[in-house]
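Data block below; observations after.
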Amino acid sequence: MNDFTYHAPTSLDDALAALRGAEGGTLIAGGQSLLPIMKLNLAAPTDVVSLAGVAGLDGISDDGDSVTVGAMCTHAQVAGSATVQGRIPALAAMADGIGDAQVRNAGTIGGSLAHNDPAADYPAACVALGATIVTDRREIASDDYFQGMFMTALEDDEIITAVRFPVPARAAYAKFANPASKYAVAGVMVADGPAGVRVAVTGASGDGVFRMAAMEDALRGSFSAEAVAGIGVSSDGMLSDTAAGAEYRAHLVAVMAKRAVEACG
Amino acid sequence: MSGNGTGIGASVKRKEDARFLTGRGRYTDDINLPGQLYGYILRSGMAHAKIGAVHTDAARAAPGVHAVFTGKDMEGVGGIPTGWLIHSKDGSPMVEPGHPALAIDKVRYVGDCVAIVVAETAEQARSAANLIDVEREELQAVASIEAAEADGAPLVFDEAPGNVCYDWEVGDRAATDAAFDAADHVVSIDVVNNRLIPNAIEPRAAIANYDPATGDYTLYTTSQNPHLVRLLLGAFVLGLPEHKLRIVAPDVGGGFGSKIPHYAEEAILTWTAGQLGRPVKWTCERLDAFKSDTHGRDHISTAKLALDADGHFLGLHVTTKANLGAYLSTFATCVPTYLYGILFAGPYTTPAVYCEVKSFFTNTVPVDALRGAGRPEATYLLERLVDKAAVELGMDRVEIRRKNFIREFPYQTPVALQYDHGDYDATLDLALKAADWAGFEGRRAEAAARGKRRGIGISTFIEACGIAPSAVVGSLGARAGLYESGSVRVHPTGSVSVFTGTHSHGQGHETTFAQIVSDMLGVDFDAVDVVHGDSAKIPFGMGTYGSRSLAVGGTAIYLAVEKVIEKGKKIAAHLLEASAEDIEFENGSFTVAGTDRSKTLGEVALTAYVPHNYPEGLEPGLEETAFYDPLNFTFPAGTHIAEVEVDPETGEVELVAVTGADDVGRIINPMIVDGQLHGGLAHGIGQALLEECVYQDDGQLETGSYMNYTMPRAADLPSFNINHNTTLCTHNPLGAKGVGEVGSIGVPPAVINAVIDALRPLGVNDMSMPATSQRVWQAIQRANG
Ligand SMILES: Cc1cc2nc3c(=O)[nH]c(=O)nc-3n(C[C@H](O)[C@H](O)[C@H](O)COP(=O)(O)OP(=O)(O)OC[C@H]3O[C@@H](n4cnc5c(N)ncnc54)[C@H](O)[C@@H]3O)c2cc1C
């Protein structure tokens, strides 16, 4: 790891100023994705700007037809929030299945979405639920936000402040975890909400989160596990690694989709 | 042996836990010496390459850097030796290539040591290492046994044609062939024993110091056997006499075999400290540990079992290919031979057994002992084959085992070992009952109703611990003795220090050995401390591996205590004006038989050190040492039963129950014994279901971190149902056998047999380790056609 300058701003403006003033600056939230890549010298920022003390990035609020989660909320906070558990239980359960206890206590929703790991869980939740990513300067619909593996619509100096999730009528997440890392090998969020019926898949594709149109169509006809059970998933473009080759992954996507629909009740 | 509150048989809480649980352990990395520098080892990123010039100028000029040394600088220093000479079938000695501590002309695996950078801080050393430019010509790598034996395969060493180190055999081939000719049935199997990465929680570390005033070297290192390191490093590598080289292995956070070998880094550090006249410290990082700690297992085998019409075993023929990695690590050569082939009688009366093993060099991390070392590989093969035989002959899996059990002891196997004693029916019966084997079909049906495939699997095994005696292992090629030392020092006021040549790195010796001594001498448990791990303090000893510490090291202590008591009797007799033959020793008191006249151990000890009124001709002091060379191995045995549920849709295997019935010999501390069994079971389950070291064809380590190398975690394991049936070892006074490796030896075949049992109704008859969800799913797909 190279030497870097550490900044601990207390306001969004100061954070932005520190970021813009740096030659190669980066934000740090929970550090659960950033620090491993810095240790491997895959990232070598000159400046690291912490969001930990920045006011206004925490808290979870119930806004009636939506729930807003502050960017610095940890996965454990989302999982343990009475509001999330009450309004969008699928989201709380999803957060509770991220990594392990240490990761959940440090990692944040903002960091996860900014990083956009193709095996992360939140992208599936955001796309299926039709969430809106709120930043220091604008609001971005999930459909526009995710732009492929590790790629997002964020500008270089843009800071996520919150994520707004519309409350669905029903939703569930089924995840097949990598036995070693616990990241998603195939994670499927199924939601029936204001954005319609959506099936979003993470962990499986090299392009990051994607929707399964055939399954969504079938579910619109009949919201039942049987409706999706027969729908095959192609292994084209699927990731392949030690835990799961492309063919097995495609199969797991189909199984997880079916189980998520079942879990919707 | 009173079995009182802290004596033999009591679950005393571990002495060492007070410091471990409060973060006050003193591990190698906790040690800092005045003026110390930090070393960083630059490792090869290529699996196989010729190396030319190594340009170090930029690194030398980097901030804080004191020195950079490469293989050329260390040329002339001895290579890293190996500890066991194996002879091939034709009588020729194995190919034993040199192993320079820092690579000289060639690198042979990803992780091979190329240079050491020494700087003021670890960070400076690490970043300066990035500036070293190594001229390399990449060569094609052989990263597996298959690649190593392929026609025209590149050679890891020019002197090893076909990449073969040796082609060894044990047993009577002609007799075995004859058994097959006479057989009614022949059952054969192909198995792979998956390669594992040990992953002790404490990475390796070392600090070396050289004192120019005295010429003394000191090396603190994460070792399971400090004297062995001193012998190899001193006599073979650096040419230092023993009295000038002190090795300290302080608290060590797990070894599992990976801290047995003498490693190149230990030699590099010690030599570098000598060059610079300053202490040099090195701590391995986790990613480097994956590619530089010795790996384990990695066999490909094919075997066949000959049976008569009733299912009696007539003969066993095993052909194994073993991967030794890029260099011969300390015990690498004996693990797939004398710790493997001689286990193939198992608990069975098979009259003819033959095993041949061909071992290969590859461009991978050197392979050495890993918890069980050879015995898990043998047990896995045998217990898979026995299960397969039962299925093919339409016999019950339990009955086929029972039918072939050895029941008369001592039993001479056809593969060298002689079992002194055992009761295999007893552990089998105990396990069947504890696991409710009889009620399994009900549980299978209940699981099926939930859409799960449930299976049960069994393994009945023996193992051989406390490898010995020295004369025999010597005749088989061992370059060291395999005895152990123990010293007992009774202090003037009656407290006791015990010195052992074994090393504790999780086993709890400080507690177990103190229990033995306090029980035998009748002194308070708290008045006994155990000292280990420092060659300047302890008598020459062989360290800890092969589940030898209690059976061999504990016996040495036992014998030393007996000597203390004998001497105490003479002193007491003098004080009591009686004859030594009339003195009885019990509960800490020397008593004249048939009287109430007695002296306490404390009084006798004080007299020994203040010998004013003392037997004529007797030396003062109360301190005795014993060296114990066992007459034989010890033979723990048992039955393990595993029960699994498979999700046929995803292929996921859930381990729902594990039952063990073990005979580990005399149990000194039941809590520690169960802890050892639990750890071993977790290790074995890791091998069966989760762990797999994968190399790419070019020799890059694919599973090089916890992102894709799966260690077992608490949530992967059921609550273990452990049961004991104890028979005593007949040839050591404690009756001790060994327990540290039992779980990793016994359980893997039980787990895989259970997975196959679950899937057999789907047409699946074979499964490799680890039974990952993908592998299980693929097997189901194949069976579905
Ligand atoms: C062992 C392990 C297992 C894991 N398993 C899972 C899993 O199962 N599922 C899963 O989804 N994830 C998993 N993760 C990832 C984890 O959820 C991370 O916490 C998350 O991806 C990043 O969040 P963070 O707060 O740690 O971000 P950091 O690591 O601090 O930052 C990540 C990136 O996001 C940027 N960033 C952070 N906050 C903001 C913001 N508010 N606005 C703009 N940019 C920002 C940073 O500059 C950086 O580039 C795992 C991680 C580990 C180490």
Side-chain angles (χ1 to χ4, degrees), chain A residues 1-4 32-33 36-42 44 96-97 99-103 117-120 174-188 203-204 225 228-229 235 238-260 262, chain B residues 63-64 121-124 126-130 194 197 199 285-288 290 451 647-655 685-686 689-696 700-716 770-782 784:
Chain A
M1 199 186 285
N2 290 19
D3 285 348
F4 55 83
Q32 296 301 293
S33 293
I37 60 178
M38 284 175 68
K39 285 186 186 171
L40 290 171
N41 272 331
L42 297 173
D96 199 39
D100 50 43
Q102 289 95 323
V103 170
D117 191 298
K175 170 180 181 177
F176 192 92
N178 180 306
S181 73
K182 303 296 178 190
Y183 272 97
V185 166
V188 181
V228 293
S235 60
M238 288 283 158
L239 290 167
S240 181
D241 57 26
T242 33
E247 206 190 330
Y248 179 51
R249 250 198 177 77
H251 167 76
L252 287 176
V253 169
V255 176
M256 292 303 117
K258 190 184 78 178
R259 290 186 182 178
E262 271 165 6
Chain B
T121 71
E123 286 299 321
Q124 286 171 338
R126 191 188 208 262
S127 17
N130 284 331
N194 43 324
I197 303 178
N199 280 298
E285 295 176 16
R286 181 59 68 183
L287 294 182
D288 278 354
F290 269 89
D647 179 338
E649 229 175 4
T650 59
E652 273 170 299
V653 177
E654 187 195 350
L655 186 61
I685 291 162
L689 294 177
L690 303 166
E691 297 185 48
E692 183 169 37
C693 169
V694 180
Y695 273 96
Q696 293 165 1
Q700 293 295 328
L701 179 59
E702 188 167 321
T703 51
S705 80
Y706 295 130
M707 291 304 282
N708 54 10
Y709 187 87
T710 314
M711 294 296 289
R713 289 177 247 214
D716 298 314
T772 60
S773 53
Q774 171 164 255
R775 198 166 261 150
V776 169
W777 178 77
Q778 285 167 340
I780 296 172
Q781 297 306 106
R782 271 197 304 274
N784 286 345

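Residue numbers begin at 1 in each chain, while the letters A, B, ... track the order of the sequences.
- For the set B/R775, B/R713, B/R126, the entry with the most heavy-atom pairs within less than 4.5 Å of chain A is B/R713.
- Contact annotation for B/S773: both backbone and side-chain heavy atoms come within less than 4.5 Å of a heavy atom of chain A.
- Ion pairing between A/K39 and B/E285 fails under the 4.0 Å rule for side-chain N and carboxylate O.
- How far OG of B/S127 is from CG of A/D3: 8.0 Å, rounded to the nearest 0.5 Å.
- Within the 4.5 Å cutoff, the side chain of B/N708 has no heavy atoms near those of the A/D241 side chain.
- In this structure, the portion of A/A243 lying under 4.5 Å from any heavy atom of chain B is its backbone and not its side chain.
- At a 4.5 Å heavy-atom cutoff, B/Q778 makes no contact with chain A through either its backbone or its side chain.
- With contacts defined as side-chain heavy-atom distances shorter than 4.5 Å, the pair A/R259/B/T650 qualifies.
- Heavy atoms of B/E702 lying under 4.5 Å from chain A belong exclusively to its side chain.
- Residue A/E247 places its CD atom among 12 or fewer non-hydrogen atoms of other residues, nucleotides or ligands, all under 6.0 Å distant.
- Heavy-atom distances place no part of B/E691 under 4.5 Å from chain A, backbone and side chain included.
- Nearest heavy-atom pair, A/G245 versus B/Q774, reported as atom, atom and distance to 0.1 Å: N-OE1, 2.5 Å.
- From A/Y248, atom OH reaches atom CD of B/Q781 across 10.0 Å, with rounding to the nearest 0.5 Å.
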